[in-house]
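Presented below is the structure to which this report refers.
In what follows, every chain begins at residue 1, and chains take the letters A, B, ... in the order their sequences are listed.
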Number of protein chains: 2
Amino acid sequence: MVTVNKNYMKLPGSYLFSTIAKKVNAYQKAHPESRIIRLGIGDVTQPLAPAIIEALHKAVEEMAHAETFRGYAPDLGYEFLRNAIVKNDYKDRGCRIEADEIFVSDGAKSDSGNIQEIFGLDNKVAVCDPVYPVYADTNVMAGRTGDYNSAKENFDGMIYMACREDNGFLPEFPAEVPDLIYLCFPNNPTGCAITKDQLQKWVDYANKNGSVIIYDAAYEAYISQEDVPHSIYECEGARTCAIELRSFSKNAGFTGVRLGFTVIPKELKRDGVSLHSLWARRHGTKFNGAPYIVQRAGEAVYSPEGKTQLKEQVAGYMRNAKVIYEGLKEAGYSVSGGVNAPYIWLKTPKVMTSWDFFDHLLEKANVVGTPGSGFGTHGEGYFRLTAFGTYENTAEAIDRIRKL
Amino acid sequence: MVTVNKNYMKLPGSYLFSTIAKKVNAYQKAHPESRIIRLGIGDVTQPLAPAIIEALHKAVEEMAHAETFRGYAPDLGYEFLRNAIVKNDYKDRGCRIEADEIFVSDGAKSDSGNIQEIFGLDNKVAVCDPVYPVYADTNVMAGRTGDYNSAKENFDGMIYMACREDNGFLPEFPAEVPDLIYLCFPNNPTGCAITKDQLQKWVDYANKNGSVIIYDAAYEAYISQEDVPHSIYECEGARTCAIELRSFSKNAGFTGVRLGFTVIPKELKRDGVSLHSLWARRHGTKFNGAPYIVQRAGEAVYSPEGKTQLKEQVAGYMRNAKVIYEGLKEAGYSVSGGVNAPYIWLKTPKVMTSWDFFDHLLEKANVVGTPGSGFGTHGEGYFRLTAFGTYENTAEAIDRIRKL
């Protein structure tokens, strides 16, 4: 008799952003005249930079001729891309990472979801609370947790590291030592950054306890402060305890292009086994490479023109972040994030829950954001706005919120 | 203490095609003057068709402007693509499949590897022998089998359905009823096809026993005979027992473009649960869509120009198949496949094992093929050649083999 994966039944309701989409669509249908501004899902709005468009056209043209056509890509990704990554993201920042420690993928969401597969089901997993749902949900789906505890509104057997106002939205070492620790900095959803000294403490902790840190650095391009690390490998000893996930979605607007990569240093071993070789096996067996044309687009991100254009793109989004941050602050909201990240995390007013505030904003200001409680129990009473809109929309949204 | 997924340790050695690549590279290094012809890995050689190139350029251009830029794709894939698939691959063949039963992905390899996740670990899995390694390996990695049995050269706890000369390379109902049955027709590696009547028997068997068939139809574009079904949904009752995997790699040369899809009918339930909803959850949580530009390329596959151009492309490869099939037959080899599939399956001469013959061909004819034993125990004594080379290379390779 066929059985299904019962762990899926533990997941309550649908994916956060599907619920939001349904609510927004229903409202728009009932109020067709409303001009809704979406600062909810973290999708970008600026078109691809000219250097990337040029690289894409060129690669498409190569695919049109037998002499330059490319079929299956090499397992790890094309060398031209891995070399550009190593030089720009690591060597230039003083990190020792080799090209064969880079695994090119179709994006950080896939990697965030799949990386847990190389670990045993008996590992204790720690996530921040609030957190990007994929880390937690994929461990639930694999069976690394107990049931959903509706009183606590989280999963039995998972370690939640509360990120609250009183600890500056930074996780603290949990009472029980975790095996796998998911960290994301600059953080989604709080927009909070971690300093190099603070991150070093986590690296030391992981090395001391034999834990593995899965470090999501998808938002590193938004870092504006000197003491905030762009990669966990800037910390001493990270090569023996950390896997890093990187994305092209937010630094280059690739949300609809799909490209990312995972870094696993060769000396990272657990249980006597190289995690690099396990991931290589997973990558080679269940994935068949990112498209050639997309990998060429990724290479263009690191070209001199690409870099200049994308710096400007990121600066544009950060101007939005400033508009949101300062506008809300002036309107009396308690806000954080937005300095090293494209996310602003605000406290909902008075006794409003996150979803109350979602409905309030949608109905009264026609602005869509993301309820903090969708990211975890400690997100309750908070709300996320993203800086990925256009400048005009962002300014108007904040104007509308201020007038409430 | 961190533990790794020990199921990975059950997999013997490296992925088949990595081993072949290493052998070929070593030979080329030792014999730099040799002009090696590769008819091994199933990678295509013809460039993308003009209609597809045009669609790609157009979509790239859309990504360059804010008004037409596209970020995250809808979870199931863009409607324009799903509608084209439904019309051309299903409605036009008399199959009832709706657009929201299609899940667009980055290729059939990912889907073949990931689909097992929605099932419990206690399901009994049946695969053909020989078989495309991904079906078996990903079930091993998930823990659905016992250890590798080196005497038997396969995995304990997995059901192998022998495909031999004496049963026309078609699987027979196994002694023990399996829960999950992987079928691939036209078959990789044997190149063998199944008739509609024969496939109907499997559908009836699955419905009677409550099994689920995972049907890989990646090679359907190569079907030349009337009574061979292009989709399992041509069979009565398949909607209650079958999941279908489809690829754009071989019908449109997308091996380096990456696009595929999975079909799960809404009435397909097991264990009281809709498999469609489970896969939707998996797809939405661990995957973030195929690139917009690639989905537009997929749409162009179904345009009138695209269809005409791709028919010609497939005909080109099938001309190669004929050259291989007839050339080897004239040279005294026992051959099958090649009529409804781009693969030719030949019996190795005399007492040569598959790997002996691999070395023999590589050294004496500088031709690379794939040893049948790499696909399973019952592949021993066989060898796969693919029709995906250029016409000139294919003809020369066969010429060299005939002269041995």
Quiz item: What is the distance from atom CG of B:Asn320 to atom CG of B:Leu39, rounded to the nearest 0.5 Å?
Solution: 8.5 Å
Quiz item: Most heavy-atom pairs under 4.5 angstrom with chain B, which of A:Ala280, A:Gly143, A:Ala64, A:Gly210?
Solution: A:Ala64
Quiz item: Is the shortest heavy-atom distance from the side chain of B:Asn114 to the side chain of A:Lys286 under 4.5 Å?
Solution: yes
Practice problem: Report the option among B:Pro178, B:Ala73, B:Gly284, B:Gly107 that has the most heavy-atom pairs separated by less than 4.5 Å from atoms of chain A. | Solution: B:Gly284
Quiz item: Hey, does A:Thr45 have a side-chain heavy atom less than 4.5 Å from the side chain of B:Phe69?
Solution: no
Quiz prompt | Side chain / backbone / both / neither for B:Met141 at chain A, heavy atoms under 4.5 Å | solution = side chain
Quiz item: Under a 4.5 Å heavy-atom cut-off, does chain A meet the side chain of B:His65, its backbone, both or neither?
Solution: backbone
Quiz item: Minimum heavy-atom separation for A:Ala297 to A:Ala55, with atom names?
Solution: CA-CB, 4.3 Å
Quiz item: Any side-chain heavy-atom pair from B:Val301 and B:Phe248 closer than 4.5 angstrom?
Solution: yes
Practice problem: List the atom of A:Thr255, the atom of B:Gly71, and the distance in Å for their closest heavy-atom pair. | Solution: OG1-CA, 3.2 Å
Exercise. Go through the atoms of B:Glu61 and report whether side chain, backbone, both or neither lie under 4.5 Å from a heavy atom of chain A.
Key: both
Quiz prompt | B:Ala290 portion near chain A, given a 4.5 angstrom heavy-atom threshold | solution = backbone
Quiz item: Heavy-atom distance under 4.5 Å to chain A: side chain of B:Asp43, backbone, both or neither?
Solution: both
Quiz item: Side chain, backbone, both or neither: which part of B:Gln295 has a non-hydrogen atom closer than 4.5 Å to chain A?
Solution: neither
Quiz item: With chain A, which of B:Lys109, B:Gln116, B:Glu117 has the greatest number of heavy-atom pairs at distances under 4.5 Å?
Solution: B:Lys109
Quiz prompt | Name of the residue among A:Asp271, A:Asp179, A:Asp122 meeting side chain to side chain donor-acceptor pair (under 3.5 Å) with B:Thr3 | solution = A:Asp122
Quiz item: Have B:Asn25 and B:Lys22 got a donor and an acceptor in their side chains that come within less than 3.5 Å?
Solution: no
Self-check item: Structural part of B:Ser110 lying under 4.5 Å from a heavy atom of chain A
Solution: both
Quiz item: With a cut-off of under 6.0 Å to the ring centre and 45° to the axis, is B:Arg282 in cation-pi contact with B:Phe287?
Solution: no
Quiz prompt | Toward chain B, the part of A:Asp106 with a non-hydrogen atom under 4.5 Å | solution = side chain
Quiz prompt | Pairs of heavy atoms under 4.5 Å with chain A: top-ranked of B:Val134, B:Ile118, B:Leu56 | solution = B:Ile118
Practice problem: Return the option, out of A:Gly272, A:Gly120, A:Ser249, A:Ala142, with the maximum number of heavy-atom pairs under 4.5 Å with chain B. | Solution: A:Gly120
Practice problem: Go through B:His57, B:Met63, B:Met9, B:Lys6 and name the one with the most non-hydrogen pairs under 4.5 angstrom from chain A. | Solution: B:His57
Self-check item: chain A interface, residue from B:Val273, B:Thr68, B:Val177, B:Asp137 that has the most non-hydrogen pairs under 4.5 Å
Solution: B:Val273
Quiz item: Is there a side-chain contact between A:Thr370 and A:Ile41 (heavy atoms, below 4.5 Å)?
Solution: no
Quiz item: Which region of B:Ile52, side chain (C-beta onward) or backbone (N, CA, C, O), has a non-hydrogen atom less than 4.5 Å from a non-hydrogen atom of chain A, or is it both or neither?
Solution: neither
Quiz prompt | Heavy-atom side-chain contact between A:Asp100 and A:Leu76 under 4.5 Å | solution = yes
Practice problem: Can you tell which part of B:Thr285 gets under 4.5 Å to a heavy atom of chain A, answering side chain, backbone, both or neither? | Solution: both
Quiz prompt | Interchain contact, B:Arg270 with chain A, by part (heavy-atom threshold 4.5 Å) | solution = both
Quiz prompt | Which portion of B:Phe119 sits near chain A, non-hydrogen atoms under 4.5 angstrom | solution = both
Quiz item: Distance-only, no hydrogens or angles: does the B:Asn209 side chain make a donor-acceptor pair with backbone N or O of B:Ser211 under 3.5 Å?
Solution: no
